[in-house]
Amino acid sequence: MPEGHTVHRTAREFNARLAGRNITVDSPQGRFLAEANLIDGHTLVRARAIGKQLFLEFDNALTCRIHLGIYGKWRFENHAGDVARDGQVRARFYSEDFLADLRGPTVCEVIDRRAVKQVEARLGPDPINPDPKAKAQAIFIARVQASKTPIGQLLMNQDVVSGIGNVYRAELLFRAGISPHRPGNSLTVDELTALWLDAVELMRVGVRTGFMITRDELFTRRPAKADRNFVYKREGLPCRVCGTNISIEIMATRKLYWCVGCQT
DNA sequence: TACTCATGAGCAA
DNA sequence: TGCTCCTGAGTAG
């Protein structure tokens with residue numbers, strides 16, 4: 001389930017269970033074997049996330065960069081021995097009592113510090129870990145206002161903001177009452193400030209709960225999937241606020257859900 | 001069993 | 001804009 005909040009949770013898991021240890025790195029599927037050998041047996045210094053990208057930093061100055069893409073998945077086990085071998089495991093990271101299996105990622109590669117810097121330089125600010133906070137918000141606002149592209153597309157562009165995917169894009173725009181078709185340069189500083197701060201809040205709820213809950217009254221509960229959101233995957237159903245049927249269309253090759261009544 | 005769809009993104013034309 | 005990478009869940013028959 002790879003929007004940014006999931007990746008931050010994964011980084012947290014790696015830091016809690018594998019950081020500071022010598023870990024074995026393997027590739028049961030074989031495709032990652034040559035690169036796995038570069039870090040196999042080394043100590044994981046720390047894991048960190050920027051948007052949808054996970055960086056596993058090792059004590060030999062190499063970093064494993066992982067991007068799940070649309071299919072990628074992690075499976076964690078509390079023991080290393082006798083684990084299920086089902087599916088195509090691209091990469092396996094384990095110590096004596098914890099194991100992480102990676103399947104179907106878009107990217108899984110071992111790179112040096114220079115290459116890490118290049119990736120970082122390309123990425124937009126991450127609402128979950130804005131560092132420093134005020135500057136991240138300003139960069140986001142500046143990048144949106146510099147473009148005529150519809151805001152519905154800009155929110156999915158990882159150069160503009162890191163970690164937002166199709167669910168958060170739809171829900172953030174609904175909560176802000178902003179039409180996804182409005183060009184970036186038509187949005188005011190106030191509108192974009194509110195959008196950014198809402199992204200910070202929603203994605204932190206996502207990190208805390210593990211779910212993309214976007215209805216305030218459900219933040220502290222564990223709602224069923226069908227109840228979590230305002231517009232995502234609710235096409236044809238009445239809007240929870242105004243009753244207008246939720247619309248669906250394709251924007252930048254992805255399904256966009258929105259309410260014509262609430263989002264102007 | 002076969003088919004469709006998915007919370008991404010790079011690349012060619 | 002369309003193709004491709006790649007895996008698994010859900011659904012139709």
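Below, read A as the first sequence line, B as the second, and so on, with proteins coming before strands; counting in each chain starts at 1.
- Using modelled atom types, one finds no donor on one side chain facing an acceptor on the other under 3.5 Å when comparing H67(A) with Q158(A).
- Here, dT7(B) and dT11(C) have their P atoms 16 Å apart, quoted to the whole Å.
- Rounded to a whole Å, the CZ atom of R75(A) is 12 Å from the C1' atom of dT7(C).
- The phosphate of dT7(B) (OP1 or OP2) has no side-chain N or O of Y168(A) nearer than 4.0 angstrom.
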Nucleotide N/O to protein N/O under 3.5 Å, stretch nucleotides 9-13 of chain B:
unit_1 : atom_1 : unit_2 : atom_2 : d
dA9(B) : OP1    : H67(A) : NE2    : 3.2
dA9(B) : OP2    : K52(A) : NZ     : 3.1

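- With contacts defined as side-chain heavy-atom distances shorter than 4.5 Å, the pair V116(A)/R65(A) does not qualify.
- Of the P atoms belonging to dG13(C) and dC5(B), the separation is 13 Å, rounded to the nearest Å.
- Rounded to a whole Å, the OH atom of Y232(A) is 4 Å from the P atom of dT7(B).
- Residue D101(A) forms a salt bridge (Lys or Arg N to Asp or Glu O under 4.0 Å) with just one option from R92(A), R75(A), K73(A), and that option is R92(A).
- For residues 42-53 of chain A, the set of pairs meeting the salt bridge (Lys or Arg N to Asp or Glu O under 4.0 Å) definition, not counting sequence neighbours, comprises R46(A)-E57(A), R48(A)-E57(A), R48(A)-E120(A).
- Rounded to whole angstrom, the span from the CZ atom of R65(A) across to the P atom of dG8(B) amounts to 16 Å.
- When distances run from any side-chain atom of K73(A) to the nucleotides dG8(C), dG8(B), dC5(B), the shortest one goes to dG8(C).
- Atom pair K225(A):NZ and dC5(B):P shows a separation of 16 Å (rounding to whole Å applied).
- Rounded to the nearest 0.5 angstrom, R182(A) CZ and L154(A) CG are separated by 12.5 Å.
- A straight line from CD of E249(A) to P of dT1(C) spans 12 Å, rounded to a whole angstrom.
- Here the P atom of nucleotide dC5(C) and the CZ atom of R90(A) are 12 Å apart, to the nearest Å.
- Of all nucleotides listed (dC5(C), dT7(B), dG8(C)), dC5(C) comes nearest to the side chain of R31(A).
- Looking at heavy-atom distances under 4.0 Å, R228(A) makes no contact with the nucleic acid at all.
- Atoms CD (Q153(A)) and C1' (dG8(B)) sit 15 Å apart, rounded to a whole Å.
- Atom CG of L155(A) is separated from atom P of dG8(B) by 12 Å (rounded to the nearest Å).
- Looking only at atom types and distance, the side chain of R169(A) has a donor-acceptor partner in the side chain of N166(A) under 3.5 Å away.
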Tell me which donor-acceptor pairs under 3.5 Å the side chains of residues 171-178 of chain A have, and how far apart each pair is, sequence neighbours excluded?
unit_1  : atom_1 : unit_2  : atom_2 : d
E171(A) : OE1    : T214(A) : OG1    : 2.6
E171(A) : OE1    : F230(A) : N      : 2.8
E171(A) : OE2    : F230(A) : N      : 3.3
E171(A) : OE2    : V231(A) : N      : 2.9
E171(A) : OE2    : Y232(A) : N      : 2.8
R175(A) : NE     : D198(A) : OD1    : 3.4
R175(A) : NE     : D198(A) : OD2    : 2.8
R175(A) : NH1    : T214(A) : O      : 2.6
R175(A) : NH1    : D216(A) : OD1    : 2.7
R175(A) : NH2    : D198(A) : OD1    : 2.9
R175(A) : NH2    : D216(A) : OD1    : 3.4

